[in-house]
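One structure is given below, encoded as structure tokens.
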Amino acid sequence: MMARILLADDASAVRFSIAVALRSDGHEVTEASDGGAAIGLLRTRPFDLVITDLWMPVLDGIDLLKHLRVHHPDTKVIAMSGGAPERAPIGISMTIARTWGADAVFQKPFDNDDLLAEVRRLLAG
Amino acid sequence: MHLQVNAPSRSSRIPHRFPLALLSPSPVRRAGRRLDLPPCAADILYRVATAAAFLALHRGAGIAAPVFDLLPGVSISFLPVGVSLAFAIVHGWRTAPLIALALLAGSGISWEAAAHAVRHAMVYAGLGALCRGMPGALAGTAGVLRFCALAAVGTALSAGLAGAVFALAGNPAAASVQALPGFWMGDLSGALLMTGPAVVVLRGLDRVLRGMAPPPAGPGGLLRPLAAIGALAILSASAVLLIPAMPVSGTMAWVLPVVPIAAAALFHGAVAAAWVSVAANCATGLAAGPEGAGFDLVDVQAFLLLACLGGVLLGSMAEERRRSERRLREMAHELGNLLHPIGNLSTQAERVMAEDTEAAKAYLRVVRDCAGHGGEIVRGVLGTARPGPAEGRRLGLAGAVRSAAAVVAGQVPPGIRIELDASGEDPPIRLAPGEAHGIVANLMLNAAHAMSGQGTMRLRTGRLDLVEGAACVPALAPGRYAFLSVADDGCGMDERTRARMFEPFFTTRRLGEGNGLGLSIVYGIVESAGGGLLVRSMPGRGSDITVLLPVEET
């Protein structure tokens, strides 16, 4: 099933590798390099799924999750995390992401095949 | 400036303009813009507010002094010493007249009081200016010990000079009191207890007056740590006040107030430990009363001094540990962002290799770039710029800067104006391929980060000749150098940041906004090329980082 997916990550190589995997699975992927750009894109067109990194410059993934929860409550979200803020427990990113409504959370580096399986599961449900 | 410039025409103006004129607009103007004040009014407001804050803090610490003055020659602590020292550390030696005035305001006007005020100002403004000049040397646990040694010498000098003033004023009894260890320890305690907290207060006020954002608070905000430190201070002071009523023996009882000092050090750092120690010291003065309440005061004084020193050292060790943990997290974050595409794109390349060779090649190119970036991280951590003894290429710095700046300008926010002056002399230098780009890109992106999206970034290249005995660039041999100066009018750096700016993974940005490797990469490249770096920065005014690279002789 083809879906419109918004992919937000400041690391261009990560974005590229995930976009390649998603496109090979037949999805339409739009890329954003930070949370602010992603919110701008969300205003212009609808998306079935948002995949976002949690820690990004300008506006991070947590802000994006909050925005999605308020303005697009039906959009599915997958959060990706590469770390935790200073003095916070390492697993905090996962907890924060789930609290703000992420349907799934991945810790980088992960296998894109697992991500694709999760995307399929979320879109089917 | 000890720089001699032989180049003709416009570059001959460099010693005067460089680096003084680069720091504009002034922070006061910036604050003035925010308050809609004309620059001169903003300037007056800044000076008056700074002086008033210092005088209030000095006077406040001085009001507590009678609590500490227990018996003649025994003072548990003289906190105004720390306030004076902090003022000079934050604002430099020009604070001396105000420091003298503050002491005079607390002691009444007489020739003797004036002599003491001058003595106090000379010693502590001098000591503060000395500490200000060696920010790197005062960072970390070794830095705390170095500061303690300097403070011990400074307070001993002050006591000696005070004795001399009393002797000259015909007061031999007072002069002999100055020779007592209790007097010296009182001043030393004041320096150790109060300098750190007063630096934090004065620097915070300075940031507010300059219209800068306050320093970032931890995840729990500012209120939670302040409440915790306040509670620990009350606990420590209460333990001291209860000592006379305690059933346990004296030595055992004195352990109790130390526990909150240690807790503050471990969880909130060196300055928090100093604040809790101030509370314990105040309580000791109150508990002992004018007769000393049967305490062996010099012993108590020495004990409290050691407790404070231990707390501050423990706090700085805990801070260092947290810093290295932060660096590890940054590194893990960076590696995750590299390993993810390396693993997944190589798998993807393998899958499509047979039917789409071009796509597979494109994926592998990204894998190679990621591996290259990983190598940069490793070299940044190890402090080496080149993977091996790579052959450098002879090139002109101005041309390399021009082409690199054109590429990097696209990554700089549009509100930032970039001025490039590469019209000066352009002698040849030797750098490996990509290194000039690495220097320019990292310096420009670092400057852009400091500028919060607006202002002017000035890049200038030219030639500088370092003469024998040039003191401004340590460890550089005299000779001909090509220079690149990148100046911004952004937030600038305080001495703590400046001392650590070239450390790998040291960053003032939040997680995900930058890895803190840029300047350590620049440092590694410049070091390998036999050059040096000159850093000028003022909080609120901006920074000027100048790279000096040796000219390639024909």
### Query
Should we say atom NZ of A:Lys66 is surrounded by more than 12 heavy atoms from elsewhere, each under 6.0 Å from it?
yes
### Message
Can you confirm whether A:Arg120 is buried at CZ, in the sense that more than 12 heavy atoms of other residues, nucleotides or ligands lie under 6.0 Å from that atom?
### Response
yes
Drop me the distance from [X]'s [atom1] to [Y]'s [atom2], to the nearest 0.5 angstrom.
X: B:His340; Y: A:Phe16; atom1: NE2; atom2: CZ; result: 12.0 Å
X: A:Phe110; Y: B:Leu339; atom1: CZ; atom2: CG; result: 12.5 Å
X: B:Leu335; Y: A:Lys108; atom1: CG; atom2: NZ; result: 12.0 Å

### Summary
In short, B:Asn337 meets A:Val14 closest at the heavy-atom pair O-CG2, 3.2 Å
### Query
Please walk me through it: do A:Ser24 and B:Gln348 pass side chain to side chain contact (heavy atoms under 4.5 Å, CB included)?
CA-CA 9 Å; A:Ser24 73; B:Gln348 193 70 18; 3.8 Å; yes
### Query
Is the backbone of A:Ala21 close enough, under 3.5 Å, to the side chain of B:Asn344 for a donor and an acceptor to pair up by distance?
no
### Task
Could I get the full list of side-chain contact (heavy atoms from CB on, under 4.5 Å) partners for B:Val200, not counting sequence neighbours?
B:Val271
